[in-house]
Amino acid sequence: MKKQILSLIVFGFCMFSCSTENMAVNNPESMKSDEMVNFDNALKSLVKRENQSTPEEKAKSKNPTELNEKSKQILYLAAKQLIISDGISEKELAARTADSREKTISLATKLYFEKYNNIQKRIKSEN
């Protein structure tokens, strides 16, 4: 009788361990590509004080909510990497965005959320 109870307890621990292991592996952050992580970090860096617009920049700008040049450059570089990693050549990117940083960032944002939604769907289908 003791062997059966002990066996059930060990079996229960194994089942619990296996189910939590799967949850730890299948989270959106671990499934992002390096380029997605870089773009995500670039977005997060915009809230850092050194990347925010100065009062002088805000005064000069027609739109005070617009990103400053430093922030645009940070996002642009990460956006370009993300788009190129998706198989779009630099030549095609230049043609699609007319070499506009804003359009490149916009395209990368759409691509990022498409990929993120696909990751979410994949996780749901596995569970």
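All of these numbers come straight from a predicted model, not from anything done at the bench.
- Across Met31 and Ile119, no two heavy atoms sit closer than the pair O-CD1, 3.7 Å.
- Between the side chains of Tyr112 and Lys32, at least one donor N or O sits under 3.5 Å from an acceptor N or O.
- Put simply, the side chain of Thr104 gets close to the backbone of Ser100: a donor and an acceptor are under 3.5 Å apart.
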Verdict with reasoning, Asn38 to Leu82, per side-chain contact (heavy atoms from CB on, under 4.5 Å): CA-CA 8 Å; Asn38 288 340; Leu82 179 63; over 6 Å; no

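- Side-chain contact between Glu69 and Lys72 is present, with heavy atoms from C-beta onward closer than 4.5 Å.
- To the nearest 0.5 angstrom, Arg101 atom CZ is 9.0 Å from Leu77 atom CG.
- Glu57 and Gln52 get closest at one heavy-atom pair: OE1-O, 4.1 Å.
- Taken to the nearest 0.5 Å, the NZ atom of Lys44 stands 15.0 Å off from the CD1 atom of Ile74.
- Using a 4.5 Å heavy-atom cutoff, the side chains of Ser106 and Thr109 are not in contact.
- Shown here for Ile123 and Pro28, the closest heavy-atom pair between the two residues is CD1-N, 3.6 Å.
- Pairing each heavy atom of Asn51 with each of Asn68, the nearest pair is O-ND2, 3.2 Å.
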Ile83/Arg96 under side-chain contact (heavy atoms from CB on, under 4.5 Å): CA gap, chis, key distance, verdict: CA-CA 11 Å; Ile83 294 168; Arg96 286 175 76 174; over 6 Å; no

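- Rounding to the nearest 0.5 angstrom, the gap separating the NZ atom in Lys58 from the CG atom in Asn63 is 11.5 Å.
- Counting all heavy atoms, side chain and backbone alike, Leu93 lies closest to Ile88 at N-CG2, 3.8 Å.
- Within the model, atoms OG of Ser71 and CD1 of Ile105 stand 9.0 Å from one another, a figure rounded to the nearest 0.5 Å.
- With a 4.5 Å cut-off on side-chain heavy atoms, Met36 and Asp40 do not count as touching.
- Glu50 has no carboxylate O lying under 4.0 Å from a charged side-chain N of Lys70, or vice versa, which leaves the two without a salt bridge.
- In the hydrophobic cluster analysis, where Ile, Leu, Val, Met, Phe, Trp and Tyr join through side-chain heavy atoms closer than 4.5 angstrom, Phe113 is grouped together with Leu111.
- The minimum heavy-atom distance linking Ser53 with Glu66 is given by the pair OG-O, 4.1 Å.
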Verdict with reasoning, Leu75 to Phe39, per side-chain contact (heavy atoms from CB on, under 4.5 Å): CA-CA 7 Å; Leu75 272 181; Phe39 189 73; 4.2 Å; yes

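- No side-chain heavy atom of Gln81 sits less than 4.5 Å from a side-chain heavy atom of Asp34.
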